[in-house]
Amino acid sequence: LPNAEAVVVKAAYKALAQRYHPDRFRGDADFARRKMAELNEAYAVLSHPQRRRDYDRELFSNLADPDDAFAQWIRAFIDAKQHGD
């Protein structure tokens with residue numbers, strides 16, 4: 001990740017982790033544990049450049065409908081990221 005993206009990812013992770021940490025969350029503890037597991041998994045992917053590329057590539061390959069507007073947007077985004085835009 002370029003430095004600015006890494007800072008944003010880390011800040012978002014930290015804010016959400018503080019909000020949903022099971023020791024701090026005021027609500028269903030099982031929900032908080034599931035949310036933290038999701039956050040940890042997402043952070044592990046987004047904070048590691050190769051894992052992020054692999055995830056983007058897998059997402060791209062799993063888009064079923066080539067005429068779908070969302071699929072086209074994702075393809076354009078991935079193409080731009082691969083070309084450094």
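Here the structure is a predicted model, which is why all the values come from computation and not from measurement.
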Original post:
Hey, quick one: are L39 and F31 part of the same hydrophobic cluster, counting side-chain heavy atoms closer than 4.5 Å, chains of contacts allowed?
Top reply: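 As far as the 4.5 Å side-chain criterion goes, F31 and L39 are connected within one cluster.
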Original post:
Under the side-chain contact (heavy atoms from CB on, under 4.5 Å) test, which residues partner R53, sequence neighbours left out?
Top reply: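 In terms of side-chain contact (heavy atoms from CB on, under 4.5 Å), with neighbours along the sequence ignored, R53 is linked to P49, Q50, R57.
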Subject >> Heavy-atom pair of closest approach, residues R52 and V9 >> reply: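 Heavy atoms only, the tightest pair is NH1-CG2, 4.5 Å.
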Original post:
Taking atom CG of L46 and atom CD of E41, what is their separation to the nearest 0.5 Å?
Top reply: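 Separation between the atoms: 10.5 Å.
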Table please: side-chain donor-acceptor pairs of residues 13-30 below 3.5 Å, with sequence neighbours left out.
| unit_1 | atom_1 | unit_2 | atom_2 | d |
| --- | --- | --- | --- | --- |
| Y13 | OH | N40 | OD1 | 2.5 |
| H21 | ND1 | D23 | N | 3.0 |
| D28 | OD1 | D30 | N | 3.3 |
| D30 | OD1 | R33 | NH2 | 2.5 |

